[in-house]
Amino acid sequence: MTEEVITIALETLQLQKQALIFAASRASAEKTAEDIAKLTSFSLPLLEQEILKAASVPTKQCRRLSHCIRKGIAFHHAGLLQKQRELIEEEFRKGTIRIICATPTLAAGLSLPAYRVIIPSLKRFSGSWGMDWIPVLEYLQMAGRAGRPEYEKEGQAITIAKSDAEKDEIYERYICGEPEDIYSKLAVEPVLRTYLLSLISSGIINDEKSMKDFFSQTFWAHQFKDISKLSSTMEKMVHVLEGWKFIIIPNNEEKNDFISASLLERKEKVLKPTLLGKRISELYIDPLTARYLLDCLEQFSEKKTTFSLLQMISHTLEMRPLLRTKAKEGDKIQEELVKRYEALLEKEPSTFDPEYDEFLNSIKTALFFEAWINEFDEDYLMETFDIRPGEIKVKLDTADWLLYAADEIAKIENKKEISKEISKLRLRLQNGTKEELLPLLRLKGIGRVRSRRLFNSGIKDLGDIKKVDITTLSQILGKAIADDVKKQVGEEIKEVPKGTRKGQLSMERF
DNA sequence: GGCAGTTCTATATAGACAGCATGTC
DNA sequence: CTATATAGAACTGCC
């Protein structure tokens, strides 16, 4: 299949033009880029270096990318580091990079025009339906990248049909076809939950009437028209939030002031956030996640391990998509699970439960985090968990956010011991280190690599740093950093551990 | 027997936004 | 139920 694509790509180069190729998968994007790169005669050693520099330690993916880039071709997908993606986009705009083989990321996000857009296939794997045509909207999104209005009068979008019949179908479907209608996503439960709580928390909605008024003006209501169905959906959600103790519906009969009395006449339920609910909406996590975190934290005091917290945050909607357990891995992951069974804060679903797969994925994701804080390097993580540098970063960010949220929830629930554990874990995740390095990480300029070097040389805490002579320290860290570190322990006064926050919340009463 | 080239088979399949408070190797 | 590109295994044929 790639043969035609490569031919078209090379022809584009002959025309002195640039092309974007939208591949159906990452593997395919990388391979296409590589195949084309083999056949070009550009040489951009400087760019190659810069790509490698983007990561502290170049991984296999980095090297593969740099080899392609040297020849003026790039691949582009979410597994790349942000820096690398930016560099590719920038160099493509400048014209240094001639061809980008990308997954659909590039079409959705930024505006990166090219003379020619090549879409090798308009079919893509879709869940349980096997291969399916991509939406017309998405086709338009991709094809719309063709042509750079500032420089050129025309652009070309080329797609490849496998047969005459397919050619006709593509023509019918995408050239003559109407783009799909846009549907409101508000009705999706997690979204509705989150927004409803947020609106109640901020006081925009304070009773059933204001709730209905608000939602009747949304695009969602505009589309569905059937207001009574909508309000029953909302009522259900209100009920759920109340059950979770994120909002309260004060009992009107108990009130006897004027305002409530008048509300009673109109038979409107008053909706008020609880303190917990308010904080949760500020944290911007799905209320379902918040409920789940609360339940898990309840269990934590008995069986606290690092893995407990890691698995907890790994099994949330926010962490999705989780690392997928491949067919071959199933047994191995389960084996690891058995070893850590005691640490689980939620109960394991039955093997027959449709949710079991996702549960197993949460275990794999947690194992990945565990490996990261046990100082395994990125190549190992790639080999073992099939996770690339760009994704590692995103996952770590999400983990930090969720742990922060869990910490805040724990504070409201007055669980101080948990708070301590979470802070430690956050530091370890941020740095990717074992617990034994934490004291050293308080120093500026000391992270994963240097703290490990210090530790292995017997320097294990700030006291050791003070004691060790500057020459030895310089041998380990280099002169400049050694000096700086010495200065830091000399000025012991400003002993603010990085990454920790002052507790802004004081809600002892709750 | 060793190797290159070829066919066969198993396997996996795109991605992004949130909180917070400042400074990674 | 429906696909397909890719990686890697198995296999072939040649020297």
Side-chain angles (χ1 to χ4, degrees), chain A residues 1-3 5 22-32 34-35 53-57 76-83 85 102-110 120-135 138 141-142 162 166 185 190-191 194 198 279-286 289 316-321 324-329 377 386 388 390-391 393-409 426 430-433 441 443-453 477-478 480-481 496-505:
Chain A
M1 164 235 122
T2 40
E3 212 151 285
V5 177
F22 287 110
S25 71
R26 294 177 185 185
S28 161
E30 294 191 8
K31 182 168 182 300
T32 311
E34 211 167 42
D35 287 350
K53 258 193 341 209
S56 46
V57 183
H76 184 289
H77 56 62
L80 302 187
L81 289 169
Q82 188 59 29
K83 258 191 229 165
R85 275 191 268 174
T103 50
T105 355
L106 212 52
L110 71 176
S121 167
L122 287 165
K123 285 185 168 179
R124 192 175 318 131
F125 185 85
S126 72
S128 49
W129 274 78
M131 284 312 235
D132 203 1
W133 295 103
I134 63 168
E138 206 178 307
Q141 190 72 262
M142 296 192 288
K162 287 172 189 51
E166 195 177 280
K185 288 227 163 60
V191 179
T194 308
S198 155
R279 188 67 187 120
I280 282 159
S281 91
E282 283 164 5
L283 292 168
Y284 212 88
I285 54 176
D286 182 341
T289 298
T316 59
L317 289 173
E318 285 81 354
M319 193 58 82
R320 284 183 179 175
R324 299 228 325 252
T325 308
K326 297 172 188 177
K328 286 188 295 190
E329 291 172 341
D377 66 32
D386 191 26
R388 292 148 202 71
E391 298 165 292
K393 187 130 192 328
V394 172
K395 288 290 173 248
L396 291 174
D397 272 358
T398 309
D400 192 48
W401 166 42
L402 286 171
L403 283 172
Y404 171 76
D407 194 9
E408 290 297 307
I409 290 173
R426 284 184 66 199
Q430 282 159 13
N431 293 284
T433 61
L441 292 172
L443 294 163
K444 246 197 289 181
I446 302 297
R448 192 183 210 207
V449 173
R450 288 174 185 152
S451 60
R452 175 46 64 195
R453 274 217 289 265
L477 298 176
I481 293 163
V496 186
K498 47 181 179 174
T500 36
R501 233 170 341 286
K502 307 151 226 150
Q504 296 131 314
L505 282 179

Answer yes or no: does a side-chain N or O of [X] lie under 4.0 Å from OP1 or OP2 of [N]?
X	N	value
A:R320	B:dG15	no
A:R85	B:dA16	yes
A:T105	B:dA14	no
A:R388	B:dA14	no
A:R324	B:dT13	yes
A:S28	C:dT6	yes

Given Watson-Crick and G-U pairs under 3.5 Å, DNA chain B in dot-bracket ([ ] crossing, | other strand) is |||||||||||||............
* Counting side-chain heavy atoms from C-beta on, which of B:dA14, B:dT24, B:dA18 comes nearest to A:P104? ->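 My answer, after comparing the listed nucleotides, is B:dA14.
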A:K83 side chain, from C-beta outward: closest of C:dT6, B:dT24, B:dG15: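 Closest nucleotide to the A:K83 side chain: B:dT24.
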_On DNA chain B, does the nearest nucleotide to A:A327 precede the nearest nucleotide to A:T103 from the 5' side, or the other way round? Give the residue._
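Mapping each residue to its closest nucleotide by heavy atoms, the 5'-most match is A:A327.
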Task: Worked verdict on A:E329 versus A:K326 for salt bridge (charged side-chain N to carboxylate O under 4.0 Å, His left out) - done: CA-CA 5 Å; A:E329 291 172 341; A:K326 297 172 188 177; 5.0 Å; no
In terms of side-chain geometry, is the basic nitrogen of A:E34 or A:K31 positioned less than 4.0 Å from the acidic oxygen of its partner?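 Answer for the salt bridge query: no.
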